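Computed from a predicted structure; not experimentally measured. Residue numbers count from 1 along this sequence.
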Amino acid sequence: MKIIKKIIKRKFLLISIFILVLALIPRSVEVLSGNYLFGFDQGQFYNDVKKIVVDHKLTLIGTQVGGIGGFFQGAGWYYLLAIPFIIFGGDPYGGMVLMLIIGIATVVSAILLTKKIFSWQEGVIIGFLIAVSPNIIAQSRFIWPPFPISLLSVFFLYFIYKILQGKKEYLGFLGLTIGLISHFEIATSGSLLFQSILFVPFLIWKKIITGRSLLRFIIGFLLPLLPLIIFDLKHEFLNTKGIMNLLFPSLNSPTANKLAESIFMNHFAIFSSSFSSMFPFIGEFWQIIALILVLGSILFIKDKNQVFEKKAFVFYLVSNPFLLFAIFMIYKDHMWTWWALQLYIFYCFLIGIILIYFFRKHLLGKITFFVIIFYFFAVYFSYTVNVYTRDYFDYGGTAKVKGKIDAIDYIYKDAKGEKFELLIFTPPIYTYPYDYLLWWHGQKKYGYIPHNEKKGVFYLLIEPDPHKPWTYEGWLETVIKTGDVVYTKTLPSGFIIQKRIEEDEKN
């Protein structure tokens, strides 16, 4: 028996290491190339983190979101991003390292936690699916606040399972996880909270939940929200009013008059694409896969050999997208894909559990298992080859950090050590990424940051709108107007640099 356990342990370890290597290869491309997307949002994040770390201005709130409602997310994303900011001395590259670590941690936690609640087979299969899924791989290649939700979703599902086992103390951890998610995407946190509330009567009926354990859940949920609550108390419940306006718009609101059919079709497109994108290259065949998964879940739930908590867990996974869709129909406007980002993890868990269930049942199940595994390997191989033949060598134009830094370097070097002014045109209007790079890169390398005034020698750094490349001309004619043009140069990245001299300086 000891020998068998040793063999299983060694097999589990070797397969797990193999899966982590699979996870690491495509997720590392931006970390290895050192060239990554650094746009409007990343610039805003890093400017806000700079205020925390460098200017010592702590904040209770994160990014403003909510569209019509107008409210703020938790500040946890900023404080998380502050860790690599400190370690890497403000270099945004540290943010990419953070995203890679979170991506690998998601795979590791899925393997280990699933092994604890099912078996090592489910653990490695679910870990494998998360490791090779293009949707989840992409989350490690982009500095974006909703992406840590995948890691938190693994723990969320683990706590759900432990609660279904009757472990009431895990309700506090479940509430804490939902509260933490509000620091990365408040819509996801709100929908998970609503779902959890809907399951309370069932938990009471099964005597899984008590008043004390429910109190643990509430405290756990509210703890991460304390900064937002304090902010609300100090600002006349600004966040609460914003959320209420979003969920229940007034009759004069533009969203109140939107057709229910339009909202339904938008929501349906988001949910159907989130599932179908788990299976690239198969077109409408995803609907058959969805049906097979539902039927497989029914067989699993009806199987007398399965314990209650496993049946309830599978029911939760298979019913979750439908319940989540119904909850989002309360929202009277179009929704965004990242509001339901946790579904990718939920799908991986459901697919992995049903695959192993079929594999253990009969020969057809074993054949199906190997066909699906081969398919995911093929998808992974195609994605990874594309990543390293295209994305690794992609300069990125005006979107990635190298193009922006090269444009800034060009201007500094052209000035030959002389002070100059700099005005920037960018389609989003706000110049966050350039402001940050001028502070972090320009000041560190060249010793000063130019002002944005039209006097003496001044440069124009123009990022053309890829959809309307002529729009910067209006900026030149209305905002700039003055100064004699010395030269205009278009860089390989697509940036346009113009050097001007104010007439008084020339004379």
Side-chain angles (χ1 to χ4, degrees), residues 35-48 50 63-68 70 92 142-144 254-255 333-334 336 394-415 418-443 446 448-507:
N35 195 19
Y36 45 89
L37 187 67
F38 195 74
F40 171 88
D41 293 299
Q42 290 72 39
Q44 182 182 14
F45 301 151
Y46 265 86
N47 276 304
D48 288 336
K50 171 184 168 288
T63 310
Q64 184 174 3
V65 292
I68 296 167
F142 186 21
I143 304 170
W144 185 247
T255 60
D333 201 355
H334 292 175
W336 300 98
D394 179 31
Y395 184 53
T398 62
K400 291 188 176 181
V401 73
K402 279 188 178 179
K404 286 181 168 65
I405 288 178
D406 286 347
I408 290 170
D409 281 339
Y410 182 91
I411 295 171
Y412 272 102
K413 290 175 182 176
D414 185 78
E418 298 294 325
K419 295 292 177 79
F420 61 90
E421 307 294 321
L422 177 63
L423 291 93
I424 301 168
F425 172 87
T426 178
I429 302 175
Y430 296 102
T431 57
Y432 297 134
Y434 306 97
D435 297 339
Y436 185 79
L437 292 175
L438 285 167
W439 171 81
W440 169 72
H441 177 75
Q443 180 173 251
Y446 301 100
Y448 72 97
I449 302 174
H451 299 292
N452 56 344
E453 298 179 10
K454 295 176 287 184
K455 63 180 184 180
V457 175
F458 66 95
Y459 291 84
L460 308 179
L461 176 58
I462 300 169
E463 176 195 336
D465 188 332
H467 305 292
K468 299 176 182 178
W470 62 86
T471 50
Y472 74 90
E473 295 174 1
W475 178 70
L476 294 176
E477 294 169 359
T478 58
V479 176
I480 304 303
K481 293 189 286 188
T482 61
D484 292 339
V485 177
V486 178
Y487 69 77
T488 300
K489 182 177 180 62
T490 301
L491 300 182
S493 59
F495 279 109
I496 298 172
I497 293 176
Q498 194 174 95
K499 182 177 182 179
R500 294 193 180 201
I501 299 179
E502 181 57 44
E503 291 181 2
D504 292 343
E505 179 74 12
K506 186 178 178 182
N507 294 333

Minimum side-chain heavy-atom gap Ile462-Leu476 below 4.5 Å
yes
How far apart are the closest heavy atoms of Gly403 and Tyr395, and which atoms are they?
CA-OH, 3.6 Å
Rounded to the nearest 0.5 Å, how far does OG1 of Thr490 lie from CD of Gln498?
10.0 Å
Ring-plane angle category for Phe45 and Trp144, please: parallel below 30°, perpendicular beyond 60°, tilted otherwise.
tilted
Heavy-atom check, side chain of Phe495 versus side chain of Glu463, under 4.5 Å
yes
Considering all heavy atoms, the nearest Phe458-Glu453 contact
CB-O, 3.8 Å
Flag the pair Ile424 / Leu438 as yes when at least one side-chain heavy-atom distance between them is below 4.5 Å, and no otherwise.
yes
Looking only at heavy atoms, what is the nearest atom pair of Asp394 and Asn35, with distance?
O-ND2, 3.2 Å
Any chance you could measure Lys419, atom NZ, to His451, atom NE2, to the nearest 0.5 Å?
8.0 Å
Identify the heavy atoms of Ala415 and Phe420 that sit nearest to each other, and give their distance.
CB-CD2, 3.4 Å
Identify which one of Thr482, Val457, Val486, Leu460 satisfies the side-chain contact (heavy atoms from CB on, under 4.5 Å) criterion when paired with Arg500.
Leu460
Geometric cation-pi criterion, Lys404 with Phe38: 6.0 Å, 45°
no
Donor-acceptor under 3.5 Å (Asn47 side chain, Gly43 main chain)
yes
Do you know the tightest heavy-atom contact between Tyr434 and Thr398?
OH-O, 4.4 Å
Quick one: closest heavy-atom pair of Lys454 and Glu502, and the distance?
O-OE1, 3.6 Å
Should the pair Trp475 and Phe425 be assigned to parallel (<30°), tilted (30 to 60°) or perpendicular (>60°) ring geometry?
tilted
Applying side-chain contact (heavy atoms from CB on, under 4.5 Å) to Leu461 and Tyr410, what does each step give before you reach the verdict?
CA-CA 10 Å; Leu461 176 58; Tyr410 182 91; over 6 Å; no
Assess the residue pair Tyr46 and Leu437 against the criterion (side-chain contact (heavy atoms from CB on, under 4.5 Å)); give the C-alpha distance rounded to whole Å, side-chain angles, the decisive distance to 0.1 Å, and a yes or no.
CA-CA 10 Å; Tyr46 265 86; Leu437 292 175; over 6 Å; no
Distance col, row Phe142:CZ vs Asp41:CG, nearest 0.5 angstrom, shows 6.5 Å
Between atom CD1 of Ile449 and atom CG of Asp435, what is the distance when rounded to the nearest 0.5 Å?
9.0 Å
Value rounded to 0.5 Å, distance of CD1 in Ile408 from NE2 in His441:
6.5 Å
pair Pro450-Tyr412: side-chain heavy atoms closer than 4.5 Å:
yes
Distance (rounded to the nearest 0.5 Å) between Glu421 CD and Asn452 CG:
8.0 Å
Among residues at least two apart in sequence or on other chains, which ones pass side chain to side chain contact (heavy atoms under 4.5 Å, CB included) with Phe40?
Gln44, Pro428, Tyr430, Tyr432
Step by step, would you call Tyr36 with Gln42 a side chain to side chain donor-acceptor pair (under 3.5 Å)?
CA-CA 10 Å; Tyr36 45 89; Gln42 290 72 39; over 6 Å; no
